[in-house]
Amino acid sequence: MEIPASEQELLNRAQDIAGLTLGEIALSAGIKIPKDLTKNKGWIGLLLEHVLGASAGSRPEPDFPHLGIELKSLPINEQAKPLETTFVSVAPLTGLVGVTWQTCYVKKKLAKVLWVPVITPKEVPISERIVGTPFLWSPSAEEEALLAQDWQELTDMIVLGEVENIHGKHGQVLQLRPKAANSKAKTQGFDRNGKPFMTLPRGFYLKINFTQALLHRYLRIN
DNA sequence: AAATGATCATTA
DNA sequence: TAATGATCATTT
């Protein structure tokens, strides 16, 4: 699919696939549907990238760099409740001197997001799952304040060498959790004494209450 | 039932 | 190894 030339074109495309099943979308894209997502956890996200014309790849950029827009699929149930947290970015564990909320990756990533809800209950086969109404979001002042607060708390702990004491309960709307191939993966961090050590890579995730509030605000539901 | 920690595929 | 795309599956 061609890269969308404008924000409006991207939105139009996303609206065009709303209401379609993943089976219909995959068929017209010529993409094979996996039986389950166990070994294809990112499949829905990649399918949406493909049909919306995102530039594929693993570069640390928005999916639509020229538009400054990040694409996120959002698994929801029939009641429009998000079923999973939303990965935002890998958490840097080093090089944090001088980084502030204003300059951090999380803020950049979340500056403008095209959310595409997908109704994804476990009991419904992948091919029959339906794409919901997409919406383009930028954080409100309130949302940004919450994100900034959590980001600061988590980053402070990282800087103080407390990474390994951080768990999913920290943060009201943003959490820090493992983001790795497995529990043996390692990346460099700093301990309490400021000495380098190897630890599990982590990522920032949006908690379900936060994405649920976005759905409410934009789609006026529940 | 919800939430946390663990894990899977691919690319570079 | 680290970035992208996330969901799985065990624990609470």
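Here is the naming used below: chain letters follow the sequence lines, and residue numbers restart at 1 for every chain. These numbers come from a predicted model, not from an experiment. Just so it is clear, the values below take in all heavy atoms, side chains as well, and ignore hydrogens, waters and symmetry mates.
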Compare side-chain N and O positions of A:Ser183 against OP1 and OP2 of B:dT7 and report whether any pair is under 4.0 Å apart.
yes
Any side-chain N or O of A:Lys81 less than 4.0 Å from the OP1 or OP2 oxygen of B:dA2?
yes
Expected output: side-chain A:Arg13 to main-chain A:Leu52 donor-acceptor under 3.5 Å:
yes
Considering just the side-chain nitrogens and oxygens of A:Gln175, establish if one lies under 4.0 Å of OP1 or OP2 belonging to B:dA3.
no
OP1 or OP2 of C:dT7 versus the side-chain N and O atoms of A:Thr120: is any pair under 4.0 Å?
no
Is A:Ala180 touching bases, backbone alone, or none of the nucleic acid, heavy atoms closer than 4.0 Å?
base
Counting just side-chain N and O atoms, does A:Lys122 come under 4.0 Å of either OP1 or OP2 of C:dA9?
no
Does A:Tyr205 get its side chain close enough to the base of C:dA6, under 3.5 Å, for a donor-acceptor pair?
yes
Report yes or no: does A:Asn193 contribute a side-chain atom to a donor-acceptor pair with the main-chain N or O of A:Lys195 at less than 3.5 Å?
no
Short side-chain N/O contact to B:dT4 OP1/OP2 from A:Thr85, under 4.0 Å
no
Check: A:Lys179 side chain, B:dG5 base, donor-acceptor under 3.5 Å
no
Base B:dT7 to side chain A:Lys41, donor-acceptor N/O within 3.5 Å cut-off
yes
Can you say whether the rings of A:Tyr205 and A:Phe87 are parallel (under 30°), tilted (30 to 60°) or perpendicular (over 60°)?
perpendicular
In this structure, which one of A:Glu144, A:Gln152, A:Gln149 forms a side-chain hydrogen bond (donor to acceptor under 3.5 Å, both in side chains) with A:Trp101?
A:Glu144
